[in-house]
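Numbers restart at 1 for each chain; the letters A, B, ... are given by sequence-line order, proteins then strands. Just so it is clear, the values below take in all heavy atoms, side chains as well, and ignore hydrogens, waters and symmetry mates. Everything numeric here is computed off the predicted structure, so don't read it as measured data.
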There are 2 protein chains.
Amino acid sequence: MFNEVDKSYPIELVAEFLGINSRTLYYYEKFNLVCPLRRGRKRYYSKEDINWLEYVRELMYEQGMNLRSIIILIKRRDAVILDRCPEDVVLCYKNYLARK
Amino acid sequence: MFNEVDKSYPIELVAEFLGINSRTLYYYEKFNLVCPLRRGRKRYYSKEDINWLEYVRELMYEQGMNLRSIIILIKRRDAVILDRCPEDVVLCYKNYLARK
DNA sequence: TTACAATTTACTTTTAAGTGAAAATTATTT
DNA sequence: AAATAATTTTCACTTAAAAGTAAATTGTAA
């Protein structure tokens, strides 16, 4: 579905892929959990953004962490987050941190 | 109130000091967040236990972390927890980890 | 044997997480 | 330019789960 050639995906597609409401993606953005590229005012999510979001969901629903905790760990550039993270997600995470 | 000479305090006193219900302390214990000394079947909390509990409360109510996240960090012996922790609390935390 | 602490069960409260709908904004088409 | 379409934003609401607690029961030390 998300091949390597295409570099970005609109919010509705991403929401559908993740099985969540697009409003939830706006919600996460408010918390600075993800920061999709903007062309005009439209959002485009990279493949790494999507992997990152999948990882965040895992932290929430498999580990039981709450958003606030995840954000605290992001801000502290914490090893916990990076530890069991797939390589490309780490990459995305680092890009994400670099941007702020 | 909790001077250095006395080494341990019963649950009701601790609850009152922390401004919480004693049931909440049992609740935290269920999550292995604290592990008071048992003499007979009665619980005795050390000064360090109390400091530790205060720190846990700060993480919850000032930082907005949830119990599950705190527990995850404890299990991973995470730097986040220890970072901004007063020295004696770190000590208590390490004793706590040593016990399990 | 009684008084107090621990335990259990099930309940209440609180709040985070998520969402629906309408309004606003920007882009697109004719 | 007006109409239409698409996306974002806002506001208020719902839902679900975590956190906390009450009450009844059990256990046990003194």
Side-chain angles (χ1 to χ4, degrees), chain A residues 6-46 49-50 52-75 80-81, chain B residues 2 6-46 49-50 52-75 80-81 99:
Chain A
D6 301 320
K7 54 193 174 331
S8 59
Y9 309 89
I11 193 165
E12 283 301 341
L13 201 61
V14 175
E16 191 188 6
F17 172 73
L18 293 173
I20 63 181
N21 194 302
S22 64
R23 269 312 271 97
T24 302
L25 289 172
Y26 293 126
Y27 180 67
Y28 287 171
E29 205 174 323
K30 274 265 171 66
F31 283 97
N32 282 317
L33 260 179
V34 67
C35 173
L37 186 78
R38 300 293 278 266
R39 202 180 318 145
R41 47 181 212 127
K42 216 180 158 190
R43 274 162 246 264
Y44 292 93
Y45 294 78
S46 69
D49 284 332
I50 293 161
W52 168 248
L53 286 167
E54 279 188 306
Y55 183 58
V56 165
R57 292 236 118 206
E58 183 195 317
L59 290 175
M60 292 184 74
Y61 289 92
E62 276 158 55
Q63 314 255 23
M65 296 186 71
N66 65 352
L67 285 181
R68 201 72 69 180
S69 298
I70 294 172
I71 288 151
I72 287 172
L73 296 184
I74 289 175
K75 290 213 180 119
V80 176
I81 288 281
Chain B
F2 294 115
D6 301 320
K7 53 192 176 328
S8 57
Y9 309 89
I11 193 163
E12 284 302 341
L13 200 62
V14 176
E16 191 188 6
F17 172 73
L18 293 172
I20 64 181
N21 195 299
S22 63
R23 243 48 61 52
T24 302
L25 289 172
Y26 294 127
Y27 180 66
Y28 288 171
E29 204 174 325
K30 275 264 171 68
F31 284 97
N32 282 316
L33 261 178
V34 68
C35 172
L37 186 78
R38 301 293 278 265
R39 201 179 320 144
R41 43 181 219 127
K42 218 180 157 191
R43 273 161 247 263
Y44 291 94
Y45 294 78
S46 69
D49 284 331
I50 294 161
W52 169 247
L53 286 166
E54 279 189 305
Y55 183 58
V56 166
R57 292 235 119 205
E58 183 195 316
L59 289 175
M60 292 183 75
Y61 290 92
E62 275 159 54
Q63 314 255 25
M65 294 185 72
N66 64 353
L67 285 181
R68 201 72 70 179
S69 299
I70 294 172
I71 288 151
I72 287 172
L73 297 184
I74 289 175
K75 289 212 179 121
V80 176
I81 288 281
R99 256 182 268 154

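- Ion pairing between Glu29(A) and Arg43(A) holds under the 4.0 Å rule for side-chain N and carboxylate O.
- The interatomic distance linking Tyr27(A) (OH) with dT8(D) (P) rounds to 19 Å, in whole Å.
- Out of dA18(D), dA6(C), dT7(D), the shortest distance to the side chain of Tyr26(B) is found at dA6(C).
- Put simply, CZ on Arg41(A) is 7 Å from C1' on dA27(C), counting in whole angstrom units.
- Across every non-hydrogen atom of Tyr45(B) and Ile11(B), the tightest pair is OH-CD1, 3.5 Å.
- Atoms CD and CG, from Glu12(A) and Asn21(A) in turn, are 8.0 Å apart once rounded to the nearest 0.5 Å.
- Asp49(B) CG to Cys35(B) SG: the interatomic distance, rounded to the nearest 0.5 Å, is 8.0 Å.
- Taking only side-chain atoms of Thr24(B), from C-beta outward, the nucleotide of dA6(C), dT21(D), dT19(C) with the closest atom is dT21(D).
- The residue among Gly40(A) and Tyr28(A) whose nearest nucleotide of DNA chain C lies closer to the 5′ end is Tyr28(A).
- The CD1 atom of Ile70(A) sits 12 Å away from the C1' atom of dA17(C) (whole-angstrom rounding).
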>> Apply side chain to side chain donor-acceptor pair (under 3.5 Å) to residues Arg57(A) and Tyr28(A) and explain how you reach the verdict.
In response: CA-CA 11 Å; Arg57(A) 292 236 118 206; Tyr28(A) 287 171; 3.0 Å; yes
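- Ring geometry for Phe31(B) against Tyr27(B) counts as perpendicular: the plane angle is over 60°, on a 0 to 90° scale with 30° as the lower cut.
- At a cut-off of 3.5 Å, with distance as the only test, a side-chain donor of Ser69(B) or Asn66(B) sits close to an acceptor on the other residue.
- No donor-acceptor contact under 3.5 Å links the side chain of Arg68(B) to the base of dA18(D).
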> Would you write out the dot-bracket form of DNA chain C, 5' to 3', with Watson-Crick and G-U pairs under 3.5 Å, [ ] for crossing pairs, | for pairs to other strands and . for unpaired bases?
Replying inline: ||||||||||||||||||||||||||||||
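- Side-chain proximity of Asn66(A) to dT19(C), dA19(D), dA17(C): nearest is dA17(C).
- Ile11(B) comes within 4.0 angstrom of the backbone, heavy atoms only, and of no base.
- One donor-acceptor pair, N or O on each side, does fall under 3.5 Å between the base of dT10(D) and the side chain of Arg23(A).
- Atom CD in Glu29(A) sits about 15 Å away from atom P in dG18(C), given to the nearest Å.
- For Ser22(B) and dA5(C), the shortest distance from a side-chain N or O to OP1 or OP2 is not below 4.0 Å.
- Proximity of Arg39(A) to the phosphate of dT7(D): no side-chain N or O atom is located under 4.0 Å from OP1 or OP2.
- Distance, Lys42(B) NZ to dA29(D) P: 12 Å, rounded to whole Å.
- Distance from the side chain of Met60(A) is smallest to dG18(C) among dT9(D), dG18(C), dA19(D).
- Between the CD atom of Gln63(B) and the P atom of dT15(C) there is a distance of 17 Å, rounded to whole Å.
- Taking atom NZ of residue Lys30(A) and atom P of nucleotide dA16(C), one finds them 15 Å apart after rounding to whole Å.
- Between Glu12(A) atom CD and dT19(C) atom P the separation is 12 Å, expressed in whole Å.
- Among the atoms of the strands shown, none is found under 4.0 Å from any heavy atom of Tyr44(B).
- Checking dA6(C), dT21(D), dT7(D) against the side-chain heavy atoms of Arg38(B) singles out dA6(C) as nearest.
- A heavy-atom distance below 4.5 Å is found between the side chains of Glu54(A) and Phe17(A).
- A donor N or O paired with an acceptor N or O is not found under 3.5 Å between the base of dT8(D) and the side-chain atoms of Arg43(A).
- Residue Leu67(B) places its side chain closer to dA19(D) than to any other of dA23(D), dA5(C), dA19(D).
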